[in-house]
Amino acid sequence: MSLLSSILVGIVALEHVYILVLEMFLWTTPRAIRTFGTSKELAGVTKSLAANQGLYNGFLAAGLVWGLVYPDPVIGRQIQLFFVICVVVAAVYGALTANKSILLKQGLPAILALISLLVF
């Protein structure tokens with residue numbers, strides 16, 4: 001596994017930890033409202049739904065980190081591939097159903113990590 005692949009997978013993991021924090025703990029703050037394009041009212045009503053989404057983003061981050069630290073690099077790479085593909089699928093679905101910018105913000109780093117894992 002290349003250093004570039006590890007860095008890209010790490011960036012995707014960090015991004016999902018950030019999303020976890022926004023959705024689980026900061027959902028009703030101006031930063032999260034601005035980031036997700038909601039309103040204060042909608043954020044208040046959807047707070048528990050957002051926390052649930054944040055938890056799932058945390059699972060993605062945990063899986064990516066697990067793949068990075070797994071002692072057998074061959075199995076670790078397979079774990080990373082699985083979770084990076086999950087992120088790509090989530091980004092495509094999010095772009096189709098919620099906001100097209102998700103494909104760029106969430107999908108592009110994951111696609112780059114996927115390509116790196118497949119090529120190197």
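Keep in mind that the numbers below use all heavy atoms, side chains included, and drop hydrogens, waters and symmetry copies. None of the values given here were measured: they were computed from a predicted structure.
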Report task. Give the intermediate values and the outcome of side chain to side chain contact (heavy atoms under 4.5 Å, CB included) for residues Leu103 and Leu108. Result -> CA-CA 6 Å; Leu103 192 57; Leu108 183 60; over 6 Å; no
**Report entry** Single-linkage hydrophobic cluster, 4.5 Å side-chain cutoff, Val119 and Ile111 together
**Finding:** yes
Query raised in the report: If we only count heavy atoms from C-beta on, is the Val84 to Leu64 side-chain gap below 4.5 Å?
Result: yes
Requested in this report: Check the surroundings of atom CZ in Phe36: do more than 12 heavy atoms from other residues, nucleotides or ligands lie under 6.0 Å from it?
Outcome: yes
Report task. Could you state whether Met24 and Val45 fall into the same hydrophobic cluster, counting links through intermediate Ile, Leu, Val, Met, Phe, Trp or Tyr residues with side-chain heavy atoms under 4.5 angstrom apart? Result -> no
Report summary line: Distance col, row Gln78:CD vs Asp72:CG, nearest 0.5 angstrom, shows 10.0 Å
Report task. Begin with the C-alpha distance, continue with both residues' side-chain angles, and end with the deciding distance and a verdict on side chain to side chain contact (heavy atoms under 4.5 Å, CB included) for Phe83 and Val12. Result -> CA-CA 10 Å; Phe83 282 97; Val12 175; over 6 Å; no
Query raised in the report: So, for Ala110 and Val88, which heavy atoms are closest and what is the spacing to 0.1 Å?
Result: CB-CG2, 3.7 Å
Report task. Output yes when a side-chain donor or acceptor of Ser5 lies under 3.5 Å from a complementary backbone atom of Ser116, and no otherwise. Result -> yes
Requested in this report: Could you please spell out the steps behind the side chain to side chain contact (heavy atoms under 4.5 Å, CB included) verdict for Trp27 and Thr38?
Outcome: CA-CA 10 Å; Trp27 186 248; Thr38 62; 4.2 Å; yes
Report summary line: Heavy atoms of Tyr70 and Gly76 approach each other most closely as CB-CA, 3.7 Å
Report summary line: Separation between CZ (Arg77) and OG (Ser6), nearest 0.5 Å, reads 11.0 Å
Report task. For the residue pair Leu8 and Pro109, establish whether any side-chain heavy-atom pair is separated by less than 4.5 Å. Result -> no
Report summary line: For Leu26 and Ala32, the nearest pair of non-hydrogen atoms, with its separation, is O-CB, 3.0 Å
Report summary line: One should read off an interatomic distance between Leu3 CG and Ile7 CD1, to the nearest 0.5 angstrom, of 4.0 Å
**Report entry** Minimum heavy-atom distance between Thr46 and Leu42, given as atom pair plus value
**Finding:** OG1-O, 2.7 Å
**Report entry** Considering all heavy atoms, the nearest Ala13-Ala61 contact
**Finding:** O-CB, 3.5 Å
**Report entry** Shortest non-hydrogen separation from Gln106 to His16 and the atoms involved
**Finding:** NE2-NE2, 3.1 Å
Query raised in the report: Should Ile75 and Val9 be regarded as members of a common hydrophobic cluster, given that ILVMFWY residues are connected when their side-chain heavy atoms come within less than 4.5 Å of each other, either directly or indirectly?
Result: yes
**Report entry** Approximate separation, where rounding is to 0.5 Å, of Trp66 CH2 and Phe59 CZ
**Finding:** 13.5 Å
Query raised in the report: Does Val89 share a hydrophobic cluster with Ile79, counting links as ILVMFWY side-chain heavy atoms below 4.5 Å and allowing steps through other members?
Result: yes
Query raised in the report: Do Ile33 and Thr29 come close enough that some side-chain heavy atom pair is under 4.5 Å?
Result: no
Requested in this report: Measure the CG-CG distance between Leu112 and Leu4 for me, rounded to the nearest 0.5 Å.
Outcome: 9.0 Å
Report task. State plainly whether one hydrophobic cluster holds both Ile85 and Val87, where clusters connect Ile, Leu, Val, Met, Phe, Trp and Tyr through side-chain heavy atoms under 4.5 angstrom apart. Result -> yes
**Report entry** Atom pair CG/CZ of Leu22 and Arg34 - distance to nearest 0.5 Å
**Finding:** 10.0 Å
**Report entry** Residue among Leu60, Asn57, Thr35, Leu14 satisfying side chain to side chain contact (heavy atoms under 4.5 Å, CB included) with Ile19
**Finding:** Asn57
